[in-house]
Protein chains: 2
Amino acid sequence: METEKKKILLVEDDPNFGIVLKDYLSMNDFDVVLAKNGMEGFEKFKKDNYDVCILDVMMPYKDGFTLAREIREKNENVPIIFLTAKTMKEDVLKGYKAGADDYLNKPFDSEVLLMKLKAILQRKASSTLADSKQFEFEIGNFHLNSKLRFLKYMEEEPVKLSPKENELLRLLALHENDLMPRELALTKIWRDDNYFTSRSMDVYIAKLRKYLKKDDVVEILNIHGEGFRLVVKAENQ
Amino acid sequence: METEKKKILLVEDDPNFGIVLKDYLSMNDFDVVLAKNGMEGFEKFKKDNYDVCILDVMMPYKDGFTLAREIREKNENVPIIFLTAKTMKEDVLKGYKAGADDYLNKPFDSEVLLMKLKAILQRKASSTLADSKQFEFEIGNFHLNSKLRFLKYMEEEPVKLSPKENELLRLLALHENDLMPRELALTKIWRDDNYFTSRSMDVYIAKLRKYLKKDDVVEILNIHGEGFRLVVKAENQ
DNA sequence: CCACCGTTTAACCTAACCTTAACAAAAATG
DNA sequence: CATTTTTGTTAAGGTTAGGTTAAACGGTGG
């Protein structure tokens, strides 16, 4: 099982590029199935099990975002990587990226793609639980980019986050409005659960609260003895 | 699929020249659709998929540059070749050329066009992989020519770059506004990842920062422990 | 053999990051 | 209500990564 090739569903409408990329991945020991649009991609997805999906965003018949949503309905674990055009507006992508595990701007570096695949598959192997690497979030009026490690409030200058701040906020966001157990953060981020790491985590909660103070719709609540809860109050309506 | 004729959208307002060129290309095994201005060109573009677009720049109703921009919105991949008047100013073209794959000054040699078409179609197969060398970049108000190893700011004299400076800046530009992992540069440029190569890279980052200081829209940010990010802030609007 | 150029190594300094400590406040416990 | 446990918060300390400049190195061509 460990020795089997990993299966990739590649959905790309440009036949030339599709074949080049497929060959490149095949050469690097992946088992690649190529579909040439979203429709076909979904058919192929239903017929087999894949370890990763790589989806072009701009495609006729069914674009990558729509396809991703459908794939998610069938399988909420499989990692999805988007291939996006560099020219696309940040704010167009913003909303969609929230559902992705990663993305690459075209043109991209084939080595970067390999690095990402390796990282994703390793991550998947090391944790039995679905722990997909989703890395962009809308938290009230904040936008968290967990890949580039910044937190942006409205149109202000983004604030840089440290690795621990970033991971912790990301974990909270993944559990938005729900309990994020202490133990979870400690084992995932600190990889150890003792008095000191626990206190360290509290320090980071305080730091995050300071960042989030700008928006009074967002709040980190403590659930005594259990963990924390990132609440986002309904804006209005 | 590989054997099918390549489809060309030719947009040219001069009917005589348009028909001559169309016939010439048809004779050389291309499937050519001719439009006689930008408006018509865009309509035809939307109705079909093309492998290449050849656009005259000077046209009534909608010029070639405007059309190119619209085409790019629909499709970020399709190669575009401009036909320009020899008299046009270099600096007028500069900005637009960045979005184009090639251009030809009128009058031009029909064989040159054929060669370019062949080259472009061949290149396209691997063009979405960035490793297929991309050599020119617009970075804010800088222009990087990575093949000739120079960096030009506005109308100033170009600055020569050393091989390492050049490769590093190119790699950053390929990942513009995105993370360029330390590890990537070290393996790709230094071919080794240790303390000293890493420090060497930091020295080169400092050099690049010094070059880029002229334009305060451009900046190299560090993401602690991860890598660097070449950010180009939105000019204005 | 020297001068030059690109690159590496060294050195020094600052910034970033994380932990630990200390004390205050809140919540649970009996 | 007194006591214990948990959490909130700020600040000090230590460690590592990065910023920058300059000197050393090594290859190349005069």
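Computed from a prediction, not measured in an experiment: that's the story for all the values here. Note: hydrogens, waters and symmetry copies are ignored here, and every other heavy atom, side chains too, is used. The sequence lines fix the lettering, A, B, ..., with proteins before strands; numbering per chain opens at 1.
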**Message:** Side chain of Ile205(A) only, heavy atoms from C-beta on: which candidate in dG8(D), dG18(D), dT20(D) is closest?
**Reply:** dG8(D)

**Asked** Under 4.0 Å between a side-chain N or O of Ser162(A) and OP1 or OP2 of dC18(C)?
**Response** yes

**Asked** Taking the six-membered ring for Trp, are Phe82(B) and Phe65(B) ring centroids under 6.0 Å apart?
**Response** yes

**Request:** Measure from the side-chain heavy atoms of Tyr204(B) and tell me the nearest of dG6(C), dC18(C), dA21(C).
**Result:** dG6(C)

**Asked** Just to confirm, is there a sub-4.0 Å distance from OP1 or OP2 of dT10(D) to any side-chain nitrogen or oxygen of Arg209(A)?
**Response** no

**Request:** Mark yes or no for a side-chain to base donor-acceptor pair under 3.5 Å between Arg199(A) and dG8(D), with no hydrogen or angle criteria applied.
**Result:** yes

**Message:** So, OP1 or OP2 of dT19(C): does either fall under 4.0 Å of a side-chain N or O from Trp190(A)?
**Reply:** yes

**Message:** Please confirm whether the shortest side-chain N or O distance from Ser200(B) to OP1 or OP2 of dT7(C) is below 4.0 Å.
**Reply:** no

**Tyr103(A) and Thr84(A) side chains, donor-acceptor separation under 3.5 Å** = no

**Request:** Take the protein atom CE of Met201(B) and the nucleotide atom C1' of dT9(C), then report the distance between them rounded to whole Å.
**Result:** 17 Å

**Request:** Please state how far atom CD1 in Ile189(A) lies from atom C1' in dC18(C), giving the value in whole angstrom units.
**Result:** 13 Å

**Request:** State whether a side-chain donor-acceptor pair under 3.5 Å links Asp23(A) with Ser26(A).
**Result:** no

**Fill in**
note: Glu165(A), atom CD; dT9(D), atom P; distance rounded to Å ~ 15 Å

**Message:** Counting only side-chain heavy atoms from C-beta out, which of dT9(D), dG8(D), dG18(D) sits nearest to Phe228(A)?
**Reply:** dG8(D)

**Request:** In whole angstrom, give the distance that lies between atom CD of Glu226(B) and atom P of dA16(C).
**Result:** 16 Å

**Prompt:** Where does the angle between the aromatic ring planes of Tyr153(A) and Phe142(A) fall among parallel (under 30°), tilted (30 to 60°) and perpendicular (over 60°)?
**Reply:** tilted

**Asked** With respect to the side chain of Ala206(B), which nucleotide from dT20(D), dC18(C), dT9(D) is positioned closest?
**Response** dT20(D)

**Item:** d(CG, Asp202(A); P, dC23(C)) in whole Å
**Value:** 18 Å

**Message:** Between C1' on dA15(C) and CG on Leu161(A), what's the gap in Å once rounded to a whole number?
**Reply:** 16 Å

**Asked** Distance check: side-chain N/O of Lys210(A) vs OP1/OP2 of dT10(D), anything under 4.0 Å?
**Response** yes

**Asked** When the distance from CG of Asp193(B) to P of dT8(C) is rounded to whole Å, what number comes out?
**Response** 14 Å

**Asked** Of the nucleotides dT9(D), dT7(C), dA17(D), which has the atom closest to the His224(B) side chain?
**Response** dA17(D)

**Request:** Spell out, as yes or no, whether a donor-acceptor pair under 3.5 Å connects the side chain of Arg149(A) to the backbone of His224(B).
**Result:** yes

**Complete:** Leu168(A) CG to dT7(D) P, in whole Å, measures 14 Å

**Request:** With heavy atoms under 4.0 Å as the rule, sort Asn222(A) into base, sugar-phosphate or nothing.
**Result:** sugar-phosphate

